[in-house]
Amino acid sequence: MPQQDNLSSSNGTGSDPSVFFLMGIPGMEALHLWISIPFCSVFTVALLGNCILLYVIKTEPSLHKPMFYFLAMLAVIDLVLSTTTVPKILSIFWFNSREISFNACLVQMFFLHSFAIMQSAVLLAMAFDRYVAICNPLRYTTILTNSVIAKIGLVALARAVLLMVPMPFLLRMLPFCRSHVISHCCCEHMAVVKLACADTRFNNVYGIIITLFIMGLDLMFIFLSYVKILRAVLRLVSKEEQLKALSTCGSHLCAILVVYTPVVLSSIIHRFGRHVTPHVHILLASFYLLFPPMMNPIVYSMKTKQIRDRVLLLFRGKSF
């Protein structure tokens, strides 16, 4: 499109990386306005759902338990992930507001990737919660105390921050002497790295290590937790006890599928789908930013009776 050519020629090139331009979804610019409708709808549901979930957990004393504290952490992470990126995406779709300063781009990247790492850590913590609840139920309250939960949250935060702090500094060291047009709807790390006119192998390797080493390890430990949970469940005498034990894991398993499925699909397509058009990669990345924050509160509200009852009371306008 002519407008994009102008961006690349007049504003999108040069040695000063103070300004970048987000393309949105390349190849689908004519459909941006229509694409914004589901984006805005899902974003609104995600905001309302997670805010309601946090309110319900805060105001309902019966929900002041480890599992729901972890769920509150997940809701906060979902809110940050979506609010950090989706408003800018919508401004691109609605107002063609593609410009973003280099510093703002780095800040968005930091929040996007660090909170994605935190999300993975919280899902692992929730798997540990289910493991203790089913395999060591008599020690549940002594193992998962409030101080232990707070420490887990702080460790998840510290791990994400320490791993992501080097990334903006590494990018600042790179020269950007070619196009400043980012073929993405947000400042995703690799999309920005591709614009550098220098050797970016270290940046590439660092990003891959974080993805594989951190999220891969988290997923492996989640899998091992559920292997032990399944063994413990199968040792139960009655089918009713087995189903009851497994039902407590249903919401968490749904959350894992909702979060990790787009990540795994995007990774597979990125490495093996050489002929897949770029907008498919970007739509999958956007799906990760939108779908989990919307689905997590819905899944937990449907699967957890205490939350479901409180949400119904809230919408019926009854006093708490």
Side-chain angles (χ1 to χ4, degrees), residues 1-13 19-50 78-102 104-105 107-109 111-113 115-116 178-195 257-298:
M1 294 176 68
Q3 186 177 12
Q4 293 165 18
D5 294 337
N6 290 337
L7 281 175
S8 298
S9 60
S10 61
N11 297 320
T13 58
V19 176
F20 283 93
F21 299 91
L22 294 162
M23 284 188 68
I25 305 177
M28 302 184 73
E29 289 85 358
L31 299 174
H32 274 178
L33 191 60
W34 293 104
I35 296 170
S36 72
I37 296 172
F39 269 62
C40 184
S41 302
V42 172
F43 179 55
T44 303
V45 173
L47 289 181
L48 288 174
N50 284 290
D78 285 341
L79 283 171
V80 173
L81 276 173
S82 53
T83 54
T84 300
T85 53
V86 179
K88 181 59 181 177
I89 295 172
L90 291 176
S91 73
I92 295 170
F93 291 165
W94 289 342
F95 311 114
N96 201 34
S97 176
R98 301 170 186 268
E99 185 176 316
I100 185 169
S101 71
F102 185 55
C105 190
V107 169
Q108 187 187 71
M109 180 194 305
F111 276 94
L112 171 61
H113 292 293
F115 275 82
R178 292 196 292 266
S179 173
H180 292 171
V181 179
I182 302 172
S183 298
H184 212 293
C185 54
C186 62
C187 289
E188 194 268 337
H189 175 246
M190 289 308 301
V192 178
V193 168
K194 287 177 182 176
L195 301 181
L257 288 173
V258 163
V259 169
Y260 281 107
T261 298
V263 174
V264 172
L265 283 176
S266 180
S267 179
I268 291 170
I269 291 174
H270 184 72
R271 283 161 179 78
F272 302 107
R274 296 181 184 276
H275 302 293
V276 177
T277 53
H279 68 259
V280 173
H281 296 286
I282 296 168
L283 284 172
L284 267 176
S286 304
F287 186 76
Y288 169 75
L289 295 172
L290 289 162
F291 193 64
M294 178 190 73
M295 287 304 298
N296 285 334
I298 292 173

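Since we're looking at a predicted model, the values are computed, not measured.
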Next on the checklist: I need the single residue from Phe93, Phe291, Phe287 that forms a ring-ring contact (aromatic ring centres under 6.0 Å, His included) with Phe39. Which is it?
Outcome noted: Phe93

Item to check | Inter-residue atom distance Leu22.CG - Asn96.CG, 0.5 Å rounding | outcome: 11.5 Å

Checklist outcome for this item: Value for NZ (Lys88) from CD (Gln108), rounded to nearest 0.5 Å, stands at 8.5 Å

Checklist entry - Counting distance only, does the side-chain N/O of Ser82 pair as donor-acceptor with the main-chain N or O of Leu79 below 3.5 Å? => result yes

Checklist entry - Is the side chain of Lys194 donor-acceptor paired with the backbone N or O of Ile182 at a distance under 3.5 Å, no angle test? => result no

Checklist entry - Leu81 versus Leu112: any side-chain heavy-atom pair under 4.5 Å? => result yes

Next on the checklist: Test your reading of the model: is there a side-chain donor-acceptor pair from Asp78 to the backbone of Ala46, 3.5 Å cut-off?
Outcome noted: no

Next on the checklist: Using only atom types and a distance under 3.5 Å, with no angle test, would you say the side chain of His32 pairs donor to acceptor with the backbone of Ile25?
Outcome noted: yes

Next on the checklist: Is there a side-chain contact between Phe115 and Thr84 in this structure, where contact means two heavy atoms from C-beta onward sitting under 4.5 Å apart?
Outcome noted: no

Checklist entry - Do the side chains of Phe20 and Leu195 get nearer than 4.5 Å, heavy atoms only? => result yes

Item to check | Nearest-0.5 Å distance that lies between atom CG in Leu290 and atom OG in Ser41 | outcome: 10.5 Å

Checklist entry - Minimum heavy-atom separation for Val192 to Cys105, with atom names? => result CG2-SG, 4.0 Å

